[in-house]
Amino acid sequence: MVDSRTLRQAPDGRFAFGVGRDDEGRVQVEITTPGGRTHVHAIGVQSRDFRIERVEGVPQSTVTPDPAIAARIAREQASVNRARERDDDRADWAAGFIWPVTGRISGVFGSQRIYNGTPRAFHSGLDVAVPTGTPLRAPAAGVVTFVGSDLFLTGGTVLIDHGHGLSSNFLHLSRIDVAEGERVEQGQVFGAVGATGRATGPHMHWGMNWFGVRIDPQLLVGPQPGP
Ligand SMILES: [Zn+2]
């Protein structure tokens with residue numbers, strides 16, 4: 001158990017949970033043994049320094065949206081958040097993660113974003129600059145829990161649930177090859193890179209969550225494979 005959430009266990013005994021960008025101190029993991037004994041492990045959380053990134057040239061309507069657009073953004077975000085609450089017994093995450101595309105990293109997790117001079121939420125994923133149409137491969141197997149072809153901020157949007165509350169989200173897609181409810185295997189092409197929604201150019205945006213907690217995909221995937 002972490003906080004008040006009871007964790008699932010993979011067949012090999014592993015379990016997963018996430019720690020937020022700005023969490024500090026200790027995470028209390030309460031473990032109950034098969035014999036019914038309970039003990040608590042305290043895991044220290046190390047803080048990280050995050051960059052400040054200035055993004056200029058996105059349409060101002062995406063930075064300071066009018067009320068109708070703001071309502072649309074909130075509605076779309078609520079649908080995405082609902083998909084992230086899924087809690088499946090599948091442990092697809094346990095097989096590890098691969099890079100959905102490789103290329104120049106153009107944005108990292110956690111950086112404070114300043115759009116056209118206005119500070120906005122931190123960047124919640126990993127960006128790799130590659131041309132529109134570059135195939136995107138599932139980083140791990142899972143079930144597609146959300147597909148949106150034209151969200152205001154994130155354009156073509158796909159969520160893949162890897163089980164135990166771990167999910168990936170891919171934004172700004174130019175093409176989507178999967179439907180909600182479909183299973184994808186690791187490495188399977190599920191769409192293509194684009195620049196739809198609020199984007200200054202084509203790139204892969206890969207975000208990951210443990211339920212509502214945003215986590216850094218780069219910590220899970222390791223270095224890019226060599227050429
Ligand atoms: Zn991004």
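Note that ligands are numbered from 1 as they come in the structure, with each ligand's atoms numbered from 1 the same way. The shown structure was predicted, so the numbers you read here are calculated from the model rather than taken from an experiment.
- Under the 30°/60° scheme for interplanar angles, the aromatic rings of His41 and His39 are found to stand perpendicular.
- Shown are Val128, Thr132, Asp127; of these, the side chain to side chain contact (heavy atoms under 4.5 Å, CB included) with Val130 is made only by Val128.
- When you scan the N, O or S atoms of Asp127 for the one nearest the Zn ion (ligand 1), you land on OD1.
- With sequence neighbours left out, Ser124 forms a side-chain contact (heavy atoms from CB on, under 4.5 Å) with Phe122, His205, Arg214.
- Put simply, His123 gets within reach of the Zn ion (ligand 1), with an N, O or S atom under 2.8 Å from it.
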Could you pull out all donor-acceptor pairs under 3.5 Å where a side-chain atom in residues 160-173 meets a protein atom, sequence neighbours excluded?
from: Asp161; atom 1: OD1; to: Arg90; atom 2: NH2; distance (Å): 2.8
from: Asp161; atom 1: OD1; to: Gly163; atom 2: N; distance (Å): 2.8
from: His162; atom 1: ND1; to: Ala141; atom 2: O; distance (Å): 2.8
from: His162; atom 1: NE2; to: Ser168; atom 2: OG; distance (Å): 2.7
from: His164; atom 1: ND1; to: Trp93; atom 2: NE1; distance (Å): 3.3
from: His164; atom 1: NE2; to: Asp89; atom 2: O; distance (Å): 3.3
from: Ser168; atom 1: OG; to: Trp206; atom 2: NE1; distance (Å): 3.0
from: Asn169; atom 1: ND2; to: Gly207; atom 2: O; distance (Å): 3.3
from: His172; atom 1: ND1; to: Thr196; atom 2: O; distance (Å): 2.7

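- Among heteroatoms of the N, O or S kind in His205, ND1 lies nearest the Zn ion (ligand 1).
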